[in-house]
There are 2 protein chains.
Amino acid sequence: MAEDIKTRLIEVAGEAFAVKGFDAVGIREICHKAGANVAAVNYHFGDKRGLYRACLEHAQSCRVEGLDRPAWPESYTPADKLRAFIQRMLEEKLNTERPAWHQELMLRELSRPSESCREFVESYIRPMAHALGEIMQEIYPHREWTQQTWMIGFSIVGQVLFYQLQQPVIRILMGEEGFKSLTVDGLTDHITRFSLAALGNGDPISVDLQREIETN
Amino acid sequence: MAEDIKTRLIEVAGEAFAVKGFDAVGIREICHKAGANVAAVNYHFGDKRGLYRACLEHAQSCRVEGLDRPAWPESYTPADKLRAFIQRMLEEKLNTERPAWHQELMLRELSRPSESCREFVESYIRPMAHALGEIMQEIYPHREWTQQTWMIGFSIVGQVLFYQLQQPVIRILMGEEGFKSLTVDGLTDHITRFSLAALGNGDPISVDLQREIETN
DNA sequence: AACCGTTTCAAACGAGTGCTTAAGTCTATC
DNA sequence: GATAGACTTAAGCACTCGTTTGAAACGGTT
């Protein structure tokens, strides 16, 4: 555990907020776990909401770099770029090394729009959307950014986010061992192939490809 | 408003729970809006959790029929069935006639697994998955239900759910008027085409198809 | 009318909430 | 060693929480 109380509070509170929600957690519970006094929250963060904001900022500052301004090797084809984009996104969403509450907390904030939601979308989501748009432009040249451009992007991102948002459901549907057999590489492979085929770039999903996925 | 207090409480509480979450709503606030006494909750539902459970059951009982055991016209091709499946799902998720809190409440329950989550998945989600699996079997015959079967299904459902789960984000990204230009028919068209193309059934998404979507 | 179970009511209970306060401890500077 | 500022502490503030209580009101049956 960190040495200074301030970061310890953020770590403990962040996880609690992510799991139980803002209102379901008391500062006494947080401070007890963090080994701090109840007044520490108000001293360091002003009030409970201030602590919550600090947790959110901390979670955002720890996100994976380079999703918005990716630096591709020159040898990459458009398809390679799309694969890399999907892989990075999956890694960010499903990465088990980083504390899970980072993603969960940001998720809560995005699903329940608040004052900081718009700012977060503009600084974090839109650059990603722009990067994906440029990849799509290469795969599938078109003059202007239309409604269809959005929908294609949403179709790709929606596939990725499903595995983050619906994890509990997947776990129950597939069973625990079935869920564990899903790897980032396997999912990247599937989603990339599925999307490229939909865009007419690459072969459609077929039974013949099944071997490669199952060997993961 | 309904005449008897019990249903009035469910309606008021259900909306409040969906918007603000279980812990953020007080029974005094609920009862005031419902024109009931604070003791009514404990009398009719035992305790606050009992009221929450009643809201959830009510929301589930009002869901769209036939998503699990669809009755298709005999003339339907497999592609038609897939389109109908996607359309029904989009309608259920984005239907603005039915109170919005029904979907929102079920969503909260699924993203934050509790004791009733498993039961809900088995009775509600798995039949849907089975129905989709049978459609996929027709489009794309394969011997057994494999990991790939799941992933293809998730790719389709993930596209649909995106528009429910990420509505606030979409609204900000596309702007208000851009968001309003998304119709159930347009989305159905896009997702069906995208998915069929990915499965090698139907033409890939192309610029030429753009006209049809924009005219919605 | 008397009695019944059912339902509604105002009032209050104890526990817990976020937050403040004033006194205390520590560390570094002069 | 005194002083100042940063930080921690225990106690307590006013308040809201979910829940309980006992009485009153209701509608139907005997």
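What you are looking at is a predicted structure, and each value in this text was computed from that prediction instead of being measured. So that the names make sense, note that chain A is the first sequence line, chain B the second, and so on, each numbered from 1.
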Between Tyr52(B) and Glu109(B), is any side-chain donor less than 3.5 angstrom from a side-chain acceptor?
yes

Pick the closest DNA chain D nucleotide for Tyr43(A) and for Ala40(A) by heavy atoms, then say which residue is nearer the 5' end.
Tyr43(A)

Salt bridge Arg8(A)-Asp4(A), side-chain N to carboxylate O under 4.0 Å:
no

How many whole angstroms separate atom CZ of Phe45(B) from atom P of dG18(D)?
15 Å

Name the pairs: protein N/O against N/O of nucleotides 18-25 of chain C, kept only if under 3.5 Å.
unit_1: dG18(C); atom_1: OP1; unit_2: Val25(A); atom_2: O; d: 3.1
unit_1: dG18(C); atom_1: OP1; unit_2: Lys48(A); atom_2: NZ; d: 2.8
unit_1: dG18(C); atom_1: OP2; unit_2: Ile27(A); atom_2: N; d: 3.0
unit_1: dG18(C); atom_1: N7; unit_2: Arg28(A); atom_2: NH1; d: 2.8
unit_1: dG18(C); atom_1: O6; unit_2: Arg28(A); atom_2: NH2; d: 3.1
unit_1: dC19(C); atom_1: OP2; unit_2: Lys48(A); atom_2: N; d: 2.8

To the nearest Å, give me how far apart NE2 (His32(B)) and P (dT16(D)) are.
14 Å

Whole angstrom is fine here: how far is it from CZ in Arg8(B) over to C1' in dT8(C)?
12 Å

One thing to verify: whether Glu29(B) and Lys33(B) come together as a salt bridge, which I'm taking to mean a side-chain N less than 4.0 angstrom from a carboxylate O.
yes

Just N and O in the side chain of His44(B): are any of them under 4.0 Å from OP1 or OP2 of dT6(C)?
no

For Phe22(A), is the NZ or CZ atom of Lys48(A) found under 6.0 angstrom from the centre of its six-membered ring and inside 45 degrees of the ring axis?
yes

What is the distance from CD1 of Ile5(A) to C1' of dA6(D), rounded to the nearest Å?
12 Å

Using whole Å, what does the distance between atom P of nucleotide dT7(C) and atom CG of Asp4(B) come to?
11 Å

Would you mind reporting whether Leu94(B) and Gln167(B) have side-chain heavy atoms less than 4.5 Å apart?
yes

So is Arg83(B) actually on top of Trp72(B)'s ring, under 6.0 Å and inside 45° of the axis?
no

